[in-house]
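What follows is one structure encoded as structure tokens, with my remarks underneath.
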Amino acid sequence: MIKISPSILAADFSRLRQQVELVETAGADMLHIDVMDGLFAPNLTLGPALVECIRKYSNLEFDCHLMVENPDNFINMFVKAGADIITVHYEAAKHLQRTLNYIRSCNLKAAVALNPSTPIEGLKYVLDDLDMILIMTVNPGYSCQRFIPAMLDKVRELKKMLGSRKIDIQVDGGINLENLYAITEAGANVVVAGNAIYMSEFPDKTIQTFRETAYDAEA
Ligand code: DX5
Ligand code: ZN
């Protein structure tokens, strides 16, 4: 079964606690938290103080997607704030293997994100060091961007490269009910969705529809 990770970047920040509880009650598996520094990604978003604040109200797995330069400088802050998964960008981590090991040494899951133009081959020698790979299906920066169709092949190739390894394949950006089946059929098993969930009329029903629409590899 796929895991659904609503992205709070598309939530109504004026009632964030309610927005987190809404998706948790509706059966989301994780909460996706987009961290941008205005350097790696052209936007400023959420930080560790916010993670700490919502941690008190949620048992969801907190999936912190760091779209920042020098991610090593921020890992401890997110560990302390209550993250469960930390994702760093391949393009920003100078010593990726060391960074992944550090995240795991803090008892968190370690993940790497690849921008759309970054090939998957660079991950070949760090597969033992990670729990999840995030294939960006838009360029980092904003919610509501359009899904890049070439990422279907990228996910397919990654799935092939991983073989029988138990590594999650996450996709993030522009995922909606139109492209969900194709991307999960290609091999993604963790789906981030911001706009498609939070801006739908009934986010809780949308989560249910996501589950019914996705390709089920075990069925
Ligand atoms: C983009 C972010 C995404 C974004 C997804 O830089 O990493 O997580 O919130 O939003 P949607 O699903 O609206 O494209
Ligand atoms: Zn993200």
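For ligands, and for the atoms within them, numbers begin at 1 and follow the listed sequence.
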For M67, the ligand 1 atoms whose distance to one of its heavy atoms is below 4.0 Å: 6 (O), 7 (O)

Proximal atoms of ligand 1 relative to M36 (non-hydrogen, under 4.0 Å): 6 (O)

H32 neighbourhood, listing ligand 1 atoms whose heavy-atom distance to it stays under 4.0 Å: 8 (O)

Geometric class of the F40/H89 ring pair [parallel <30°, tilted 30-60°, perpendicular >60°]: tilted

G194, S143, A196: member with heavy atom nearest to atom 13 (O) of ligand 1: S143

Ion pair R211/D216, N-O distance below 4.0 Å: no

Any N/O pair N139/ligand 1 closer than 3.5 Å: no

C64 SG to I103 CD1 distance, which is reported to the nearest 0.5 Å: 10.5 Å

Option nearest atom 9 (O) of ligand 1 (shortest heavy-atom distance, choices C144, G173, S7, P140): S7

Identity of the N, O or S atom of D172 lying closest to the Zn ion (ligand 2): OD2

Part of L9 within contact of ligand 1 (heavy atoms, under 4.0 Å): side chain

Identity and separation of the nearest protein heavy atom to atom 1 (C) of ligand 1: Y142 O, 3.5 Å

Heavy-atom closest pair, residues R104 and A110: CG-CB, 4.0 Å

Test item, F147 contacting ligand 1 (heavy atom, 4.0 angstrom): no

Y125, OH: over 12 other non-hydrogen atoms inside 6.0 angstrom: no

Minimum-distance N/O/S atom that H65 presents toward the Zn ion (ligand 2): ND1

M199 heavy atom under 4.0 Å from ligand 1: no

Flag if over 12 foreign heavy atoms under 6.0 Å of OH, Y198: yes

Numbered atoms and elements of ligand 1 in range of M136, under 4.0 angstrom, heavy atoms: 7 (O)

No-hydrogen, no-angle side-chain donor-acceptor test under 3.5 Å, N76 and Y102: yes

Ligand 1 N/O within reach of I175 N/O, cut-off under 3.5 Å: no

Closest approach to the Zn ion (ligand 2) by D34, given as the N, O or S atom name: OD1

Side-chain donor or acceptor of N189 paired with backbone N/O of I169 under 3.5 Å: yes

Salt-bridge present (K94, D72; N to O < 4.0 Å): no

Close approach of A10 to ligand 1, heavy atoms, under 4.0 angstrom: no

Member of D34, L50, I197 meeting the side-chain contact (heavy atoms from CB on, under 4.5 Å) criterion with I8: L50

G141 touching ligand 1 at heavy-atom level, < 4.0 angstrom: yes

Where ligand 1 meets H65 - atom numbers and elements under 4.0 angstrom, heavy-atom basis: 7 (O)

Nearest neighbour in protein (non-hydrogen) for atom 4 (C) of ligand 1: D34 OD2, 3.6 Å

Test: E61 and K109 ion pair at under 4.0 Å: yes

N176, I197, D172: member with heavy atom nearest to atom 7 (O) of ligand 1: D172

Distance-only N or O hit between ligand 1 and A193, under 3.5 Å: no

Ligand 1 atoms in contact with G174 (distance to a heavy atom under 4.0 Å): 11 (P), 12 (O), 14 (O)

More than 12 heavy atoms of other groups within 6.0 Å of M1 CE: no

